[in-house]
Amino acid sequence: MSEELKNTAIEELKTITSLPELAQLKARYLGKKGLITLQVKSLGTLSAEDRPPAGKRINELKDAIEAACSAREDELTRKDLAKRLASESIDITLPGRTAGIGREHPINTVLSEIIDIFVRMGFSVEEGPEVELDRYNFEALNIPKDHPARDMQDTFYVSDDVVLRTHTSPVQVRVMEQKKPPLRFIAPGKVYRCDADVSHTPMFHQVEGLMVDEGITFSNLKGVLETFVHQMFGPQVPVRFRPSFFPFTEPSAEVDIGCILCGGAGCRVCKGSGFLEVLGAGMVNPKVLGFCGIDTERYTGFAFGMGVERITMLKYRVDDIRLFFENDLRFLRQF
Ligand code: PHE
């Protein structure tokens, strides 16, 4: 009976593959209510002379099972360690895994470049809200409620008199209401138009520029914008002013630069014209100056507005504006 118990224990030990299992087996045989322990307890039922030899035998069995258990324990511990050493080993010859480091978005890089160029020409930097009053986005810029010019811009309305600004021009008005000439600043920021295709996204960036002082003329505008274009695209790039219309400037101009893709020879991008439109500009309409309480007899000014995505696309030859906002790292890492 007891001999059988030992043999079963030893057979079972062979099938055990983990230390927790071994602990269970030990409890089952040698624990407080274990099979061997029960046998020790049953010695009490034997007669005085039968007890010592029986006790001796049980002790031998117990010792044998304990010895087998600790042998198995050693074995399993060693196997466990070998397994851990193999799986947790570090191959120090492998190349390191570097942490992914972020970088500036190309739009922000070009925006900083634009700001730097104007700061070097003595412009300061102003900001205005992206959620703007109709009054500043349109009214004060000589675009009354029923003016056809509002059709030029697909506006996101927040309420009847609150919009997502469709351009950075309202910052002109906000600053002129607060500060008096001489003024020379740019206003970079996000603008919103309900429009989406290869060259339009519902949100994009503009940089507004305004200079107001005594004796400011169109030639000052030309000088500043030519300097800007030459610093941005290179001194060889020609600049062209074309008559245009904006309600808040008079006269107004559309500013073109020589096509930087074909060098002016004519290509698909410039549609054979050799020129690309990059910004809108003009002399600030006296009505706008008057709205801000600026003496129009004494002061004149110029204003301009450019699209940052447009400049970036030309500079880096990107032909789809949507790429800037898809956040595909393969695209963004190229800059
Ligand atoms: N606000 C105009 C636009 O978004 C650009 C512009 C700014 C034109 C300043 C003239 C003067 O199209």
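All values below come from the heavy atoms of this structure, side chains included, with hydrogens, waters and symmetry mates left out. Just follow the structure's listing: the first ligand is 1, and inside any ligand the first atom is 1.
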Asker: Considering residues at least two apart in sequence or located in another chain, which fulfil the side-chain contact (heavy atoms from CB on, under 4.5 Å) criterion with Asp91?
Answerer: Thr93, Leu94
Asker: Within ligand 1, which atoms have a heavy atom of Ala281 less than 4.0 Å away?
Answerer: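 Close to Ala281: 8 (C), 10 (C), 11 (C).
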Asker: Using every non-hydrogen atom in the two residues, find where Leu314 and Leu276 come nearest and quote the distance to one decimal.
Answerer: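 Smallest heavy-atom distance, with atoms named: CD2-CD1, 3.4 Å.
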Asker: Tell me the contacting part of Phe248 for ligand 1: side chain, backbone, both, or neither, using a 4.0 Å heavy-atom threshold, strictly below.
Answerer: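 Contact part for Phe248 vs ligand 1: side chain (C-beta onward).
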Asker: Would you check the N or O atoms of Glu208, main chain and side chain alike, for any that come under 3.5 Å of an N or O of ligand 1?
Answerer: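 For ligand 1, there is no N or O atom that lies under 3.5 Å from one belonging to Glu208.
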Asker: Considering both backbone and side-chain atoms of Ser169, is one of its nitrogen or oxygen atoms within less than 3.5 Å of a nitrogen or oxygen in ligand 1?
Answerer: yes
Asker: Considering the heavy atoms of Thr249, write down every atom of ligand 1 situated less than 4.0 Å from one of them.
Answerer: 11 (C)
Asker: With heavy atoms of Gln206 as the reference, note each atom of ligand 1 found under 4.0 Å away.
Answerer: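 What qualifies from ligand 1 is 3 (C), 4 (O).
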Asker: Heavy atom of Met306 under 4.0 Å from ligand 1?
Answerer: no
Asker: Please work out whether any backbone atom (N, CA, C, O) or any side-chain heavy atom from C-beta onward of Ser252 is under 4.0 Å from ligand 1, and answer side chain, backbone, both or neither.
Answerer: neither
Asker: One thing to verify: whether Glu60 and Lys6 come together as a salt bridge, which I'm taking to mean a side-chain N less than 4.0 angstrom from a carboxylate O.
Answerer: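 Result for this pair is no, no salt bridge flagged.
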Asker: Near Phe304, which atoms of ligand 1 are under 4.0 Å from a heavy atom of that residue?
Answerer: 7 (C), 9 (C), 11 (C)
Asker: Does Arg193 make a cation-pi contact with Phe204, if we ask for NZ or CZ under 6.0 Å from the ring centre and within 45° of the axis?
Answerer: no
Asker: Taking the basic N atoms (NZ, or NE/NH1/NH2) and the acidic carboxylate oxygens, is any pair closer than 4.0 Å for Asp134 and Lys145?
Answerer: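 So Asp134 pairs with Lys145 through a salt bridge.
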Asker: Just grab all the ring-ring contact (aromatic ring centres under 6.0 Å, His included) pairs involving residues 304-335, residues at least two apart or on different chains.
Answerer: Phe118-Phe304, Tyr316-Phe335, Phe324-Phe331, Phe331-Phe335
Asker: Could you tell me which non-hydrogen atom of Arg120 sits nearest to which non-hydrogen atom of Gln231, and how far apart they are?
Answerer: NH2-OE1, 2.8 Å
Asker: For ligand 1, which is the ligand I care about here, please tell me if Arg193 has any N or O atom under 3.5 Å from one of the ligand's N or O atoms.
Answerer: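 In this structure, Arg193 places an N or O atom under 3.5 Å from an N or O of ligand 1.
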Asker: Tell me whether Thr37 contacts the main-chain N or O of Gly31 through its side chain, where contact means a donor paired with an acceptor under 3.5 Å.
Answerer: yes
Asker: Below a 4.0 angstrom heavy-atom separation, can you tell me which part of Glu254, side chain or backbone, both or neither, approaches ligand 1?
Answerer: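 Neither; nothing of Glu254 gets under 4.0 Å from ligand 1.
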